[in-house]
Amino acid sequence: MTKEMKEAAVHALENEMLVGGESVLKFEEDFAKYIGTDYAVSTNSGSSALLLAFNGINTKNGDNVVAPSATFIATINGACILGAKPLFCEIDNDYVISPEQLESILNKNEVKCVIPVHLYGHPCDMSSIKDTAEMKNVILIEDAAQAHGAQHLNKKVGSMGEAGIFSFYPTKNMTVGGDGGMITTNSKRIYESVFKMRDVGRKTKNTHDEIGYTLRLNSVNASIGKVQLKYLDSWNEKRRIIAMRYQKKLEGVGDLILPPNDETYSKSVYHMYVIRTKKRNLLGTWLSKNGISTGVHYPLPVHRQPAYRKFAKNILMTFTDEWSRTVLSIPIHPNLNSQDQKFIINIISRFFDERLYQQKELQDEERLWTARLI
Ligand SMILES: Cc1ncc(COP(=O)(O)O)c(C=O)c1O
């Protein structure tokens with residue numbers, strides 16, 4: 001939170017309505033312009049944005065919705081809260097929904113909606129996914145919660161489906177200084193639906209023509225988001241430089257599998273830098289011992305979550321399962337300096353070069369590190 005962001009927050013507190021202030025409107029206008037959509041509607045979280053978007057396309061009891069299982073659980077919660085049934089789709093080596101698998105699911109099922117996730121900031125192959133969805137008359141909602149500013153064919157993610165959703169949770173590439181979210185769309189119908197439903201189904205101040213929710217973003221948060229948005233591109237550029245350095249220096253180290261490189265038509269914003277190794281838990285333990293924090297996104301795929309087991313009785317998701325056992329997110333953020341990054345690279349390289357994974361002491365500590373994952 002810079003001085004500029006704090007001043008914007010104080011200004012909103014002192015001068016605006018705390019709910020529905022002018023910062024909300026301005027943030028939405030700026031965000032729609034940035035993503036390249038006609039409309040943007042803010043919400044109090046990415047999960048709320050998902051719920052409203054699914055509701056906006058009239059998702060109802062018994063509808064089939066296709067989603068990757070390799071994602072954060074919120075991707076599909078909104079649809080299932082409305083009564084939909086999830087159909088889980090495998091991911092490819094780039095950790096986003098596989099267009100071939102998607103086609104196969106759509107050939108076998110009647111599907112209402114597909115929700116590709118631009119996981120870790122890496123854009124999905126939206127052209128193929130869109131072609132397939134259009135052929136089968138299926139609605140596309142993009143989960144861009146982790147990918148503010150990522151591009152596919154010079155279009156920003158969140159502008160290519162019927163609607164896109166974003167999260168401003170504090171770890172994301174930009175935040176509003178707390179929870180927040182946004183729905184982007186070119187559809188006037190969806191815009192009107194989400195606008196009304198986030199505000200108690202209100203038509204005018206005292207007349208409600210829908211049974212709605214209260215899922216609005218506060219003015220103070222919007223004022224911070226508006227300032228953060230100005231810096232998003234430069235922060236994303238810094239993330240990309242850091243990611244390129246990792247790509248160069250970690251290539252060929254141990255059994256590491258690195259994230260996919262950008263194709264000429266795609267631009268990742270590296271919300272996370274995620275490596276894969278069969279020794280994931282030992283490497284995480286070793287890094288932690290050396291003061292380097294890591295994350296696992298995600299140790300349980302959605303189809304293995306207790307809340308979703310009833311939908312996933314006979315499904316086989318071999319690659320997704322392997323993904324969840326091997327992924328490790330290593331530090332990436334705009335303020336990671338090259339000295340710290342060099343240290344991280346050196347510690348990772350030593351783990352493999354000096355076979356430190358064979359140390360008995362490390363193996364004992366691994367149990368504690370692993371227990372924290374679930
Ligand atoms: C892929 C994905 N979808 C949806 C969400 C939900 O956003 P929020 O946490 O703002 O509700 C998140 C947030 O972590 C996410 O990573």
Side-chain angles (χ1 to χ4, degrees), residues 27 31 35 40-56 59 65-82 84 86 88-89 91 94-97 113-124 126 129 140-150 157-158 161 163-184 194 198 213-218 221-222 224-225 228-229 239 259 268-274 295-303 305 307-308 320 323-324 327 329 332-333:
F27 180 37
F31 203 82
I35 298 298
V41 181
S42 60
T43 56
N44 60 358
S45 73
S47 299
S48 302
L50 280 158
L51 177 63
L52 292 176
F54 281 120
N55 186 69
T59 305
V65 173
V66 179
S69 172
T71 182
F72 183 57
I73 193 168
T75 296
I76 189 71
N77 279 351
C80 296
I81 286 168
L82 297 168
F88 293 111
C89 183
I91 49 169
D94 50 1
Y95 311 134
V96 293
I97 208 165
C113 170
V114 177
I115 179 147
V117 182
H118 306 292
L119 198 70
Y120 309 146
H122 183 79
C124 297
M126 286 307 291
I129 292 173
L140 269 186
I141 293 180
E142 291 173 77
D143 184 337
Q146 301 188 359
H148 319 64
V157 301
I165 75 90
F166 294 84
S167 164
F168 301 123
Y169 181 76
T171 57
K172 299 295 194 275
N173 288 29
M174 64 168 285
T175 182
V176 292
D179 274 315
M182 192 77 82
I183 298 147
T184 47
V194 298
R198 77 165 173 182
Y213 308 94
T214 298
L215 303 173
R216 298 168 302 235
L217 184 70
N218 292 317
N221 294 113
I224 294 171
Q228 290 241 336
L229 183 59
R239 283 175 184 271
S268 171
V269 290
Y270 291 98
H271 170 53
M272 289 174 203
Y273 189 88
V274 179
V296 173
H297 304 94
Y298 298 88
L300 263 193
V302 184
H303 75 282
Q305 291 288 351
Y308 279 90
T320 297
W323 161 89
S324 69
V327 281
S329 312
I332 188 163
H333 56 83

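None of these values were measured; they are calculated from a predicted model. Both counts, for ligands and for their atoms, begin at 1 and track the order of listing.
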Give the residue and atom name of whichever protein heavy atom lies nearest to [atom], and the separation in Å to one decimal.
atom                    : result
atom 11 (O) of ligand 1 : Ser47 OG, 2.6 Å
atom 12 (C) of ligand 1 : Phe72 CD2, 3.5 Å
atom 9 (O) of ligand 1  : Ser167 OG, 4.0 Å

Find all atoms of ligand 1 within a distance of less than 4.0 Å from any non-hydrogen atom belonging to [X], and give their numbers and elements.
X      : answer
Thr71  : 1 (C)
Ala74  : 4 (C), 5 (C), 6 (C)
Thr75  : 1 (C), 3 (N)
Gln146 : 1 (C), 16 (O)
Gly46  : 7 (O), 8 (P), 10 (O), 11 (O)
Asp143 : 1 (C), 2 (C), 3 (N), 4 (C)

Ignoring hydrogens and geometry beyond distance, is a side-chain donor-acceptor pair present between [X] and [Y] at under 3.5 Å?
X      : Y      : value
Asn173 : His271 : yes
Glu142 : His118 : yes
Tyr120 : Asp94  : no
Asp179 : Ser45  : no

Any idea which part of Leu119 is under 4.0 Å from ligand 1, heavy-atom wise: side chain, backbone, both or neither? neither
Under 4.0 Å, heavy atoms only, figure out whether ligand 1 is touched by the backbone of Ala145, its side chain, both or neither. side chain
Kindly confirm or rule out an N or O of Lys172 lying under 3.5 angstrom from an N or O of ligand 1. yes
What I'd like to find out is whether the side chain of Arg216 reaches to under 4.5 Å of the side chain of Thr43, using heavy atoms alone. no
Are any of the side-chain heavy atoms of Tyr273 and Pro259 separated by less than 4.5 Å? yes
Which label fits Phe168 and Phe31: parallel for a plane angle under 30°, tilted from 30 to 60°, or perpendicular past 60°? perpendicular
Let me confirm one number: the OG1-OH distance from Thr71 to Tyr298, rounded to the nearest 0.5 Å. 6.0 Å
